[in-house]
Each structure stands twice: as structure tokens, then as C-alpha cells.
Amino acid sequence: EKGGHRHFMAKEIAEQPIVLGDALSHYLRGEGMEMPAPGLDFTEFDRMVMVACGTANYACVVAKYWFESLAGISVEVDIASEFRYREPPIPPRTLALFVSQSGETADTLAALRYCEGKAARVVSVVNVSESSIARESDLVLPIRAGAEIGVASTKAFTCQLTVLFLLALMAAHDRGRLDAEELEARIAALRQIPGLMNIAMASSDEIAAVAKSVSEARDVLFLGRGAMFPLAMEGALKLKEISYIHAEGYASGELKHGPIALVDKTVPVIVMAPSDHLFDKTVSNMQEVMARGGKVLLITDVKGARAAGDGCWKTILMPEVDPLLAPILYALPAQLLAYHAAIAKGTDVDQPRNLAKSVTVE
Ligand code: F6R
């Protein structure tokens with residue numbers, strides 16, 4: 001049942017190229033885009049709210065960057081436990097979007113019920129199509145990841161991102177911000193992700209080697225900019241969950257506003273940064289870390305590694321990718337790092353202490 005892997009988590013990490021490919025062929029038949037959301041017209045909305053918990057919430061934060069930059073629609077993202085009790089105003093032209101692997105998370109379900117009758121449409125992105133959240137939505141977009149057994153979410157996260165990216169493309173198209181040609185180019189880039197993930201998987205041994213040193217740390221910082229910022233938070237969450245190492249994800253630009261005080265030679269700082277238009281800024285942030293004796297583990301592409309110069313503790317190379325899609329690809333090394341750190345510590349990877357796969361109580 002683990003397909004030859006030691007843990008469900010390892011199997012679920014490894015099968016991402018396949019399940020992502022399946023999700024893509026479900027939503028993209030032939031050359032074009034059979035739109036994931038029949039009957040949804042993004043010109044009917046002025047704004048979106050996206051609500052979820054944990055990893056699903058980080059998928060929403062990544063998607064916020066996509067919806068805002070591609071479709072020009074304002075997105076508010078919130079964690080369900082805060083949203084549900086805050087009594088947030090929901091103007092009528094709001095699209096309410098809920099993301100949940102299990103479809104049974106109590107806080108997310110309560111947030112959805114709060115939006116019923118207020119939002120123009122209630123849409124959910126779920127893995128389990130027969131779930132409560134799916135049943136109570138106007139429209140359900142399945143992520144088609146297949147059963148996820150490991151408590152730490154891996155393939156559900158990347159499949160959530162894939163479906164959310166398609167939805168952002170659809171929104172951009174509806175709102176006249178993406179013509180047919182650009183749409184095709186974006187889809188072509190997305191179609192490359194499963195193949196790029198296969199290439200990224202080859203770094204597993206190298207990541208296992210660094211993970212061994214990371215596993216000896218007490219605190220770890222993850223840094224990212226733009227859509228890589230939520231991925232930094234996801235990387236930190238993964239590491240916390242299964243290796244019990246204290247980790248924090250920060251926006252690279254926030255470093256000097258506090259967390260840099262933590263940096264010394266015992267704190268690995270994991271920088272996840274494809275070479276994009278913000279890369280120079282990331283390089284200066286890394287220099288600030290190194291100047292304080294911090295150990296930088298840089299996850300980047302060949303161009304990024306060249307631009308970063310010497311001084312990093314370790315560099316893990318990813319294939320080049322459309323910067324907008326980098327969070328999907330870079331999820332893989334983040335997951336592998338947490339997995340191998342947990343192996344090095346000997347913790348229970350699939351059943352981490354104190355955690356449940358489906359949180360049906362608040
Ligand atoms: C993290 C993790 C949790 C879940 C969260 C939401 O690895 O698994 O943070 O993402 O409990 O669960 P769902 O997506 O089922 O609503």
C-alpha cells in the first residue's frame with residue numbers, strides 16, 4: 001500500500017508528478033482549458049475571500065498572489081478559526097472560496113456556513129468530494145490528489161495550488177486581463193510542472209544529506225518573497241509537524257524587522273528563491289544573514305546560484321521554472337527537507353504526535 005516506500009508521506013511526495021498530471025488532464029482536455037468552474041463568471045465579483053486552515057491556508061495565500069497579479073481582483077485570505085468569529089462583512093459581489101483536503105475541517109465548514117446567503121457564490125476546493133464542505137458549496141472543484149494518508153499534507157497542497165492556478169487563469173481571462181495567446185502560454189507553463197517535479201525529485205539524496213544537519217538545529221528560519229513567502233511558511237509548518245524542530249516562515253523583507261535577532265551559526269536559514277525580478281533583494285537578505293554567521297541553505301536555480309555568489313552554506317538546485325509557478329515546484333524540496341529531517345531524528349513521520357489528519361472539532 002505504500003508502493004515500496006517506507007512511509008505514506010514518502011509515497012505521497014513521490015507521486016506528485018503523477019497526480020498533478022492527472023489533475024491537469026482532468027481540467028485541461030485537449031489543447032484548451034475546459035474550465036474548472038462551469039457557470040462561474042469572474043466579472044460578477046468585486047473581491048474574493050479565501051478561508052482555510054493550516055497547509056490549505058498557505059495554498060490560499062499563494063493563490064492570492066496569483067489572483068491579484070493575474071486577474072486584478074482583491075483577495076482577502078484568512079484562517080478559518082479567526083474568520084468564523086470575527087463577523088467579517090461580506091459584500092454581495094464577493095466570491096467565497098474554501099480550501100480543504102478532507103472537506104471536514106470544523107472551522108472551515110463553520111466559515112463556509114457564515115458566508116452562505118451573504119456571498120454571491122460559495123466555492124470549495126476539496127480532495128474528498130463526498131465531504132460536508134463539498135456538499136454545502138454551490139460549486140466544488142476536486143483536486144483529484146487521491147487518498148492522502150500521511151498526516152502532513154503534501155500532494156494535496158500541490159494539487160490545491162494547481163487547481164487554484166487554473167482558477168486564477170480563468171478569472172484573468174473573464175476579466176479581460178489575459179488574451180487567448182497569453183492564456184495558452186500560462187497553461188503550457190503549468191503543464192511543464194509534473195516533468196520539472198520529476199527532475200526536482202532527483203535532489204532527494206542531496207536534501208537528505210543537508211536535512212541531517214538541519215535536524216540537529218533547535219530553530220530554523222524559512223525565507224521567501226512574493227508567492228514564495230507563503231511557501232516559506234508551509235516549509236516551516238512541515239518541519240515543525242514531523243520533526244518537532246521549531247521553525248518559522250518569514251517574508252525575506254521582514255527579516256530585519258525582528259527575526260534577524262535570532263540568527264547565529266546554530267540557526268539554519270532556508271531561502272527558497274527562484275531567480276526572479278526580486279532575486280537581488282533576496283541576495284541582500286542572505287548577505288545580512290551571513291554577516292551574522294547564519295548558515296544559509298539556498299534553494300534556487302542555476303541562475304540564482306550564480307547570482308548569489310559564494311558564502312552559502314549549501315545550495316540545492318531546482319530546474320528553471322516560471323517564477324509564478326515556483327511555489328508548486330519548490331514545495332517538493334520543502335517537503336523532502338522535512339521528511340528527511342524527521343527520518344534523521346527518528347520521529348513518526350506518518351503519525352506525528354498530537355496531530356490528527358482531519359480536525360473535525362474546533
Ligand atoms: C499540515 C496539515 C494541516 C491541514 C489542516 C487543514 O500538514 O495537514 O495543517 O492542512 O488541518 O486540513 P484540511 O485541508 O483537511 O481542511
Side-chain angles (χ1 to χ4, degrees), residues 7-13 16 19 23 50-63 77-84 96-115 122-137 140-164 222 230-245 247-249 327 331-332 334-339 341-342 347-362:
H7 299 97
F8 283 110
M9 187 182 178
K11 168 181 173 271
E12 289 161 2
I13 291 173
Q16 288 177 108
V19 291
M50 298 180 74
V51 184
C53 302
T55 289
N57 173 65
Y58 296 141
C60 293
V61 186
V62 172
V77 180
D78 209 342
I79 42 177
S81 57
E82 285 302 313
F83 179 88
R84 64 178 291 192
L97 186 61
F98 301 87
V99 180
S100 175
Q101 187 283 129
S102 63
E104 298 296 346
T105 300
D107 282 325
T108 310
L109 181 59
L112 182 154
R113 288 181 177 152
Y114 175 83
C115 290
V122 170
V123 177
S124 62
V125 172
V126 298
N127 197 26
V128 182
S129 297
E130 312 74 45
S131 57
S132 308
I133 288 174
R135 256 195 317 275
E136 297 195 25
S137 305
V140 182
L141 304 175
I143 60 168
R144 304 179 66 90
E148 190 180 64
I149 311 289
V151 164
S153 188
T154 52
K155 62 176 180 170
F157 177 68
T158 48
C159 286
Q160 284 160 355
L161 290 178
T162 301
V163 172
L164 290 169
F222 285 78
L231 188 68
M233 295 192 281
E234 167 62 5
L237 178 65
K238 267 327 55 115
L239 189 68
K240 272 185 266 212
E241 283 186 296
I242 60 169
S243 74
Y244 315 144
I245 297 167
E248 302 265 6
L332 206 101
Q335 296 162 352
L336 286 169
L337 187 72
Y339 176 74
T347 52
D348 187 340
V349 170
D350 284 334
Q351 293 281 329
R353 68 185 183 201
N354 308 342
L355 296 177
K357 182 67 187 162
S358 182
V359 185
T360 53
V361 291
E362 61 171 300

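Counting convention: from 1, in listed order, for ligands and their atoms alike.
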Just by distance, no angles: are the side chains of Glu234 and Thr55 close enough, under 3.5 Å, to form a donor-acceptor pair? yes

Donor on one side chain, acceptor on other, Gln16 and Thr158, under 3.5 Å: yes

Glu362 bridged to Arg84 by N-O distance under 4.0 Å: yes

Who's the nearest protein heavy-atom neighbour of [atom], and how far?
atom                    : value
atom 15 (O) of ligand 1 : Ser102 OG, 2.7 Å
atom 8 (O) of ligand 1  : Val151 O, 3.2 Å
atom 4 (C) of ligand 1  : Thr55 N, 4.1 Å
atom 11 (O) of ligand 1 : Val359 CG2, 4.1 Å

With heavy atoms only and a cut-off of under 4.0 Å, state how Glu104 meets ligand 1: side chain, backbone, both or neither. neither

In this structure, does ligand 1 have an atom that sits under 4.0 Å from one of the heavy atoms of Ala152? yes

Ligand 1 contact by Lys357, heavy-atom criterion under 4.0 angstrom: no

Any N/O of Gln101 closer than 3.5 Å to an N/O of ligand 1? yes

Ligand 1 N/O within reach of Thr108 N/O, cut-off under 3.5 Å: no

For Arg353, does its backbone N or O pair with a side-chain atom of Tyr244 as donor and acceptor, under 3.5 Å? yes

List the residues meeting side-chain hydrogen bond (donor to acceptor under 3.5 Å, both in side chains) with Ser153, not counting sequence neighbours, and say none if there are none. Glu148

Of all residues at least two apart in sequence or in a different chain, which pass the side-chain hydrogen bond (donor to acceptor under 3.5 Å, both in side chains) check with Ser131? none

